[in-house]
Chemist: 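The structure follows.
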Amino acid sequence: MRRLILVKYAPEIFLKGLNRGKFEKKLKKNIERVIKDIPHELIIDQGRWFISGENLEDLIEPIRNVFGIAEVCIVREVESDLEEIKKEALEVIKEVSPKTFKVETNRANKTFPMNSMEISRTLGGYILSNTENLSVDVKSPEFMLRVEIRGKAYIYEDKIKAVGGLPYGMNGGTMLMLSGGIDSPVAGYLMAKRGVELSAVYYHSHPYTSERAKEKVKDLAKILSGYTGKVNLYVVPFTNIQMSIIENCREDELTIIMRRFMMRVACALAKNKGIQSVTTGESIGQVASQTMEGLVCSDNCSDRPVFRPLVTMDKVDIMDIARDIGTYETSILPYEDCCTIFVPKHPKTKPRLEEMVKSESVLNIDELVKEAIDNMETYEL
Ligand code: ATP
Ligand code: MG
């Protein structure tokens with residue numbers, strides 16, 4: 001007998017028809033990436049993926065966080081031989097020691113001499129006659145003993161819910177506007193979970209925002225890259241843009257015009273790098289610039305789809321995800337960002353697009369965008 005991890009991928013991948021092979025190949029590569037430093041072996045038995053290794057517990061946590069995996073199970077592998085299966089099934093029941101159980105068998109190997117009903121019944125009888133204080137409950141058993149007969153036979157010990165989603169790298173790319181806050185890393189994570197490849201842009205207002213604020217964003221990108229593999233972070237100098245707005249536009253319009261520039265730069269950079277979309281951490285109604293009217297004004301400057309995966313989420317729920325994915329503690333470090341230093345006292349909450357376009361028309365928009373991108377720094381994290 002040996003213990004293995006059985007990897008079950010998201011049911012959505014089964015629906016990919018002719019593309020399924022490509023999704024599987026990517027998923028395999030992504031699994032290999034997260035466990036490359038832990039000795040293991042990937043075994044495929046009639047379409048099922050198993051991973052063996054010295055210490056399964058070390059392998060489970062990284063594997064269950066790979067996008068596209070629905071569930072990981074710990075199974076015991078034995079020869080497809082009834083006596084061996086009986087012995088191991090009894091062991092598992094003794095270890096779990098439930099009050100009620102049920103056996104469920106799946107026989108993919110049709111050469112096995114009994115059908116699945118007969119196997120379940122035989123195992124159930126054997127277990128009952130070798131234990132005490134245990135009964136069968138077919139409706140809601142405390143423990144479901146699953147048995148699968150393939151090339152070998154597998155007896156399930158435990159199943160652990162995995163992250164779900166789709167294999168990273170299968171659904172195009174996005175330019176994540178990554179600030180040092182709580183929301184944008186979560187937005188990036190959720191896009192990545194649907195298989196979308198991440199690049200990130202951070203607007204840095206030196207000297208109004210410190211070197212430490214930039215390091216914080218790099219740290220956040222690094223945490224995200226733990227889920228995705230390397231992420232490119234573009235740090236774009238934003239001070240000249242903000243100064244031009246402050247000097248030339250009305251105070252209550254600062255935020256909206258600044259956000260319009262953020263969108264322009266993100267789109268220009270995305271275009272430049274061959275990335276199809278932009279993602280932000282905005283949520284409807286959360287702050288003054290995230291009103292419907294505010295979003296109309298910033299979207300007006302985009303030339304590609306803009307994703308806001310948090311748009312319907314409450315802050316408390318976003319914070320829960322941030323804690324789960326390990327970005328929260330970094331996000332709450334108290335370094336200023338470029339939005340907090342130039343905040344108008346009474347920002348417009350219902351900006352009118354025509355007014356914004358008129359106000360900013362005194363600025364040399366194209367030149368400001370170009371200059372910012374020409375002077376950006378690139379980090380591979
Ligand atoms: P976050 O927690 O992500 O900072 P927030 O609630 O503070 O979001 P805003 O500051 O209004 O909201 O920013 C909205 C979105 O704009 C952010 O989620 C992020 O996608 C983008 N953004 C804001 N500031 C920056 C920045 N300095 N660099 C890059 N993107 C930014
Ligand atoms: Mg912010």
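Numbering of ligands and ligand atoms starts at 1, following listing order.
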Chemist: So for ligand 1, is Met177 a polar contact partner (N or O within less than 3.5 Å, distance only)?
Modeler: yes
Chemist: Is the charged tip of Arg20 near the ring of Phe23: under 6.0 Å from the six-membered ring centre and within 45° of its axis?
Modeler: no
Chemist: Going by heavy atoms in the side chains, are Val147 and Tyr156 under 4.5 Å from each other?
Modeler: no
Chemist: Below the 3.5 angstrom mark, is there an N/O of Ile182, backbone or side chain, next to an N/O of ligand 1?
Modeler: yes
Chemist: Any N or O on Asp183 sitting closer than 3.5 Å to an N or O of ligand 1?
Modeler: yes
Chemist: Could you tell me which atoms of ligand 1, counted from 1 in the order shown, lie closer than 4.0 angstrom to a heavy atom of Tyr202?
Modeler: 27 (N), 28 (N), 29 (C)
Chemist: If the contact criterion is a heavy-atom separation under 4.0 Å, does Gln290 count as touching ligand 1?
Modeler: yes
Chemist: Answer with side chain, backbone, both or neither: which part of Arg259 has a heavy atom less than 4.0 angstrom from an atom of ligand 1?
Modeler: side chain
Chemist: Is Glu71 salt-bridged to Lys161, cutoff N-O under 4.0 Å?
Modeler: no
Chemist: When only distance counts, is Ser184 in polar contact with ligand 1, meaning an N/O pair under 3.5 Å?
Modeler: yes
Chemist: Select one of side chain, backbone, both or neither to describe which atoms of Val217 lie under 4.0 Å from any atom of ligand 1, heavy atoms only.
Modeler: neither
Chemist: Does Lys370 come within less than 4.0 Å of Asp374, counting only side-chain N to carboxylate O?
Modeler: yes
Chemist: Using a strict 4.0 Å cut-off to heavy atoms of Val201, name the atoms of ligand 1 that fall inside it.
Modeler: 29 (C)
Chemist: Do NZ/NE/NH1/NH2 and the carboxylate oxygens of Glu282 and Arg259 come within less than 4.0 Å?
Modeler: yes
Chemist: Check for me whether Arg323 meets the cation-pi criterion with Tyr328, that is, NZ or CZ under 6.0 Å from the six-membered ring centre and within 45 degrees of the ring axis.
Modeler: yes
Chemist: Mind checking whether Leu176 contacts ligand 1 via backbone (N, CA, C, O), side chain (CB onward), both or neither, at a 4.0 Å heavy-atom cut-off?
Modeler: neither
Chemist: Return the option from Gly281, Ser289, Ser179 holding the heavy atom at the smallest distance from atom 1 (P) of ligand 1.
Modeler: Ser179
Chemist: Begin from the C-alpha positions of Phe67 and Tyr189 and carry the test ring pair (Phe, Tyr, Trp, His ring centres under 6.0 Å) through to its verdict.
Modeler: CA-CA 10 Å; Phe67 303 135; Tyr189 173 88; 5.4 Å; yes
Chemist: Measure from NZ or CZ of Lys86 to the centre of the six-membered ring of Tyr126 and say whether it is under 6.0 Å with the direction within 45° of the ring axis.
Modeler: yes
